[in-house]
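Chain A is the first sequence line, chain B the second, and so forth, proteins listed ahead of strands; every chain is numbered from 1.
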Amino acid sequence: MAAPVNAALVLFGGYFLRLALILSNYSARIADRVELSTPLNSWKRVVEGHFLLKHGINPYSGDILHEPYLSLKFYSMLIYLFRNGNALKHVFIVMDLLTGLILYAASKKCVQILLHQDRSLSKAQSSRKLVLTIPVARQIPLFVLTVYCLSPFNILSCVSQNTSVFDNFLHCLSLFAMVYGVWPLSTVTLALLTSRCLHTVILVVPAMMFIRHRTPCLLFISAYVAILAQLISFNSDSHISSYYFQLAVTDLTPNVGLFWYFFTELFEHFRWFFLCVFHLNVLIYVLPLSVRLRKDPLLLYWSLLLIVSVFKPYPSLADFALYSSLLPIFRHLFDLMRQVVIVFAAIAVSCVLAPIMWHQWLFAYSGNANFYFAITLVYNVSQVFLLTDMLVSDMKRKFYLQHGDPKEFEAKKQKLTLE
Amino acid sequence: MGSSMTPSAQRHFLLSAVLKYNSVLCCFLYPLGIAAFICLGSPEVNDQTYFSDNSLLPGMVERSTRIAQEAESILGTLESEVKSHSSIPYAWLAGQFRQAGLEVYRHNFTLAYPIGSRQLHHGENLFAIMRAPRASRTEAIVISAPFRAATSPHASNLASIATMIALARQFRKKIYWSKDIIFVVTEHELVGLQAWLDAYHMVETSPGVLLPGSLDARSGNILAAINLELQDKHVDQVNVKIFGLNGQLPNLDLVNTCKNLMQREAVPYILEDRADPVAAENRSLEWEGGVMNLFSQMTKQATGAPSAAHGLYHRFAIQALTLQGQPKVRGYSYVTLTNIGRVIEGLVRSVNNLLQRFHRSFFYYYLPSMDRYISIAYYMGAFGILISPVALKSIALLLELHDQQPTAYMTLLWKASPLVLLVQLLGAAVFASPVQGESMVKSVLSFSTRDALYAFMIGASANLLVLPIGTKRAIDPQPQRLLMLLHYLLVIGPLAMLNISLAVLVAVLTVPAVLTAGVNTYLPLRLLQRIVQILVNPFVLTYIVLFCHSVALDRWDVSDPKIHLVQAFNAHKKLLLFTVEDWYIYGAANFPILCLGFLPVWAHMWSL
C-alpha cells in the first residue's frame with residue numbers, strides 16, 4: 001500500500017520544515033511570541049531554572065520557573081545529555097514527530113471504534129449515506145498524521161521549543177493507552193499531565209469511560225490518585241510556584257487565554273470570587289457532557305481537551321494544535337457542521353491580527369490592551385463555536401442514524417422541528 | 001448564525017438576498033466605497049481637530065526666545081567650519097554645547113550592508129543632554145537634526161544645527177524644565193538616527209546589519225521628538241511631516257499643538273507638501289482640496305517609508321514630527337529663525353507640561369487640512385464598504401456550494417486548502433532568500449547588486465506564472481475561488497490595521513480583478529480576465545504606477561514613451577532594492593507584506 005510511503009513523506013516534510021525554521025534566525029523571534037510561550041511552558045524559563053539548579057540555588061525562589069520539580073529534573077537531564085550544538089533542537093523535533101506517530105496509531109484504533117459505533121447505531125434506512133464507510137475510514141489516520149506534521153500551529157509550537165511539546169506527547173500517549181485499553185499506561189500519563197497542568201484532571205472522566213468495567217475502573221482511579229499524590233509531593237518547594245501559580249493566576253502577562261485581561265481590569269476584592277468562577281468553567285461542563293456523551297468517550301475526550309484549552313489560565317497555540325490535529329477523526333461530522341468555515345476563518349484572522357495588534361499596543365503605542373484582547377476573544381469564541389458545532393452535529397447525526405434524515409421524514413409526511 | 005446553512009426554504013431572508021443579488025450588490029458597493037472616501041474629504045463629513053490632552057496648553061506657554069541673530073552668527077561659523085570637514089565637526093559642536101552647559105557625548109555605529117558584499121560603513125553621532133532642573137531624569141524630549149555634508153544630495157541642514165545650539169543656550173537659562181532635553185545630530189540620514197535610537201533603547205532592530213554600539217549616557221523615557229530640517233536661515237514656509245515607518249502617525253495632539261503654535265507665530269505652513277484647502281464661500285472647492293490632500297497623503301503613507309527622519313521614532317512609541325523649513329518658495333516674504341525657534345520652544349514647553357504620555361487623542365487619522373481630521377471610525381467604515389463585495393461574494397459562494405453539495409462541501413473545501421499552504425510556502429521561500437538569491441545571480445552574471453536582486457525577485461516570482469499548469473487538474477474551481485476570496489480578505493483586512501492607505505489603494509486597484517477571477521466565461525472574456533490579472537500582479541502594478549508617475553512628471557507628454565519606460569524600469573529596480581533594504585535595516589513591513597501577503601494571493605488568483 002501507498003499509506004506507509006505517504007506517512008514517511010509527511011513525516012519527512014514535517015521534519016524538514018521544523019528543522020529549517022528551528023535553525024533559521026526566526027526561531028528566537030518565534031519562541032518569544034506570547035501566543036506560543038507562556039510562563040508555564042517557556043523553554044527560556046526552563047533553561048534559567050536548570051542553571052539555578054546546577055548552581056545550588058532554589059529555582060523556585062524567584063518568579064521565573066513554574067514547571068513542577070520532576071519536569072525540571074527531566075529537562076535538566078535532557079539539557080545535560082544533549083548539550084552538544086543543535087542536538088537539543090533535534091530532540092524537540094523528534095519528540096514532536098513521535099507524538100504524531102503515536103497519534104497515527106491511536107487514530108487507527110479510534111476509527112475502528114467509530115465504525116463499530118456506527119454499526120450499532122444505524123437503524124434507519126436513509127442512514128446509509130451517513131454511515132462511515134471503510135474506505136473513507138482507512139484514510140483518516142494518514143489525515144491525522146498529515147495535519148499533525150504539517151499544521152503551522154504544530155510547527156510553530158515545536159520551533160518555539162516550548163515544553164508543550166512534551167505535554168502533547170503525554171496527551172497523545174494517554175489517548176493511545178485509552179483507546180487500546182492499556183489502562184496502566186493511561187493512569188501514569190494522565191497523572192503526569194495533571195501534575196503539570198491541574199486542569200487536565202477532567203480528562204480522567206473519558207479515560208474511565210473507555211475502561212467501562214468496574215474493577216479496572218476503580219484500580220485506575222486509585223492508581224491515578226496515588227501516582228498524582230506521589231508526583232505532587234515530590235518537592236514541596238515547587239508547590240507555590242507551579243500549583244498555586246496556576247490556581248491564583250499571579251502572572252498576568254498577556255496570552256491567548258481569557259484570564260489575563262479580566263484580572264488586570266478587576267477590583268482586587270473581587271479577585272478570589274472571580275478566580276473561582278473562572279476555574280469552575282473547566283469543571284462545570286464535565287458532568288453534562290459526560291452524561292450526554294456517555295456512549296462516546298472519544299468525542300467527550302476531544303471536547304474536554306478543547307475546554308481545557310479555552311479555560312485554562314495559561315493556554316498557548318500548542319493546545320489548539322493538539323486538538324485540531326484530532327479533528328480528522330471526526331470526519332463523519334464535517335458534512336453536518338454549519339459553522340466550521342466561519343470558525344476557521346475567524347481563527348486565521350486572529351492569527352494574522354494577533355502579532356499586528358501586539359505590535360500596535362506594545363511597540364507602536366498606537367493601540368491598547370483592548371486591541372489584543374479583542375483578538376484573543378475572537379480566538380476563544382471561535383473555539384467554543386467549534387465545540388458547539390461539533391456537538392450539535394454529532395447529536396444530529398446520531399438522531400439521523402436511528403430515525404432517518406429529514407428527507408425520509410418528508411416521505412413519511414412528518415416534519416422535524418427544533419423546539 | 002445557525003441558520004446560515006439550513007436548506008434554502010428556511011434561510012434567513014438576508015442570506016437569500018445575498019445569494020440572489022450578490023453580483024448586483026458587488027457592482028454597487030465597490031464604487032460606493034470609493035465614493036465614501038471622496039465624501040470623507042468634505043468638511044461636512046469630517047471633524048474639527050481638538051485637544052484631547054488639556055495639559056499641553058499651547059496657548060499658555062510663554063515663548064520668549066529671540067534667537068535669529070545668535071543663530072545666524074552660529075550658522076556663519078558653522079558653515080566655515082564645515083568647509084574643512086567631511087563629517088560632523090565634532091570638536092566644534094561639542095564645544096558649543098559644552099559652553100552652553102550641556103553634557104556632550106559621541107556615539108559610534110556600524111552598518112554592515114545587508115545585501116551583496118556586506119560592505120561596512122561607520123558613522124558617528126553626537127548628542128547633548130540638558131538635564132532637567134525641576135525633576136528627576138525619568139522623561140525626555142528630543143530635538144534632532146541630520147547632519148549633511150556639502151556632497152549630500154539633500155539640501156543643507158546646517159541652519160537646524162545652528163538653531164539647536166542657539167535654543168540650547170536659551171533653554172539652559174530657564175528653570176522650568178521638568179524633562180531632560182536631548183539634542184541629537186546624526187550622520188548618514190536615517191541610518192544614524194536608527195542606530196542612536198537602538199542604542200538608546202538597548203535593542204537591535206536588525207541584528208547583524210545595524211550594529212548600534214552603546215551610549216555613554218542616557219536620559220529617561222522619550223515622550224516626543226522634533227526633527228528639524230531647516231534648509232536656510234530664512235524660511236518661507238514650514239512643511240510639517242508626519243508619516244513614519246509603515247505609515248504610522250504621531251499622536252494627533254502633537255500635530256495640533258504644532259499647528260496651533262505656527263498660527264500663533266504667523267509661520268506659514270503646509271502639511272506633507274500640500275497646503276490646506278482655502279476655506280472659501282464655495283464649499284465644493286474646499287472639498288476638492290480636501291480630497292486631493294487625502295489622496296496625496298494616501299499615496300505617501302502607502303509607501304510605508306518615513307517621509308523624514310522623525311518616522312523612525314514612532315516605532316519606539318515616541319511621538320515625533322519633522323519641521324522642514326523651505327526657503328524661497330514665494331520669494332517675497334519670509335520668517336526668521338526667531339519665529340521658528342519660538343515654535344520649537346512652544347512645542348517643547350507644551351510637551352514639558354505633559355503629566356503622562358500621549359495616549360488620548362488619535363493615532364489613526366487622515367488630515368484633509370490641518371484643521372480637520374478624519375477619524376478611524378469613519379474611514380474604516382468606508383474601507384469596509386470598499387471590500388464588502390469580496391465578503392458578500394464569498395458568502396454567496398459558500399451558500400451556493402452548500403446548496404449544490406450539501407453533504408460534501410466541507411470535503412471539497414478541505415481538499416482545496418493545500419493550495420493555500422503551497423502558495424504561502426512559495427511566498428515564504430521568496431521572503432527568506434533575497435540575499436542568497438542575489439549572490440546566486442551575481443555568481444552567474446556580472447550584474448550590480450541592484451540588478452542582481454531585481455533579476456532574482458522577478459525570476460522567483462515569475463515561477464508563480466507556471467503554477468496553474470501544475471495545479472490545474474487538481475483544482476476544483478468553485479471551492480478554490482471561495483478560498484481565494486477568503487485568502488484575499490485575510491491579507492487585506494489586517495493590512496488595514498497596519499497601513500490603511502496601502503490597504504485602500506490595493507483594494508481599489510484589485511477588488512474588481514479578484515471578484516472576476518475564476519468566473520467561467522467565453523474565451524475572449526477569459527483572455528481579458530487573464531490580462532487584468534497580469535496587470536494587478538504586484539510587480540506589474542508597481543511598474544505601471546511608476547510609469548504613470550514618470551509621465552505625470554513630464555506633464556503627461558507621451559510623445560516619446562521609450563524614455564518613460566526606461567525611467568520607470570530603473571525606478572522599479574530602485575524601488576525593489578529599497579524595499580528589501582528597508583526591511584533588513586529598519587524592519588519596514590512592505591517586503592514581508594509583499595512576499596507573505598500580496599504574492600501568495602496573486603498566485604492563488606492566477607492558479608484559478
- Item | A:R29, CZ: over 12 other non-hydrogen atoms inside 6.0 angstrom | no

- Query: Which atoms of A:L362 come close to chain B, meaning under 4.5 Å heavy atom to heavy atom: side chain ones, backbone ones, both, or neither?
  - Reply: neither

- Can you say whether A:V147 sits under 4.5 Å from chain B via the side chain, the backbone, both, or neither, judging by heavy atoms? side chain

- Write down the atom of A:P152, the atom of B:L421, and the distance for their closest heavy-atom approach. CG-CD2, 4.5 Å

- Per-residue contact mode, B:L413 against chain A (heavy atom under 4.5 angstrom): side chain

- Task: Tell me, yes or no, whether the heavy-atom count around A:I134 atom CD1, taken from other residues, nucleotides or ligands under 6.0 Å, exceeds 12.
- Result: no

- Query: So, for B:M497 and A:L353, which heavy atoms are closest and what is the spacing to 0.1 Å?
  - Reply: CG-CD2, 4.0 Å

- When rounded to the nearest 0.5 angstrom, what distance separates CD in A:Q360 from CG in B:N246? 9.0 Å

- Task: Can you tell which part of B:L486 gets under 4.5 Å to a heavy atom of chain A, answering side chain, backbone, both or neither?
- Result: side chain

- Message: Please classify the contact between B:L425 and chain A as side chain, backbone, both or neither, with a heavy-atom cut-off of under 4.5 Å.
- Response: side chain

- Is it the backbone or the side chain of A:V340 that comes under 4.5 Å from a heavy atom of chain B, or both, or neither? side chain

- Item | Over 12 non-hydrogen atoms of neighbours within 6.0 angstrom of NZ in A:K398 | yes

- Pick from B:Q319, B:Q405, B:R357, B:H359: which one has the most heavy-atom pairs with chain A under 4.5 Å? B:R357

- Measure B:Y364 against the heavy atoms of chain A and call it side chain, backbone, both or neither at under 4.5 Å. side chain

- Classify the angle between the aromatic ring planes of A:Y365 and B:F363 as parallel (below 30°), tilted (30 to 60°) or perpendicular (above 60°). perpendicular

- Message: For A:Y26, I'd like to know if atom OH has over 12 heavy atoms of other residues, nucleotides or ligands within 6.0 Å.
- Response: yes

- In terms of heavy-atom pairs under 4.5 Å, which option from A:F371, A:F363, A:F344 contacts chain B the most? A:F363

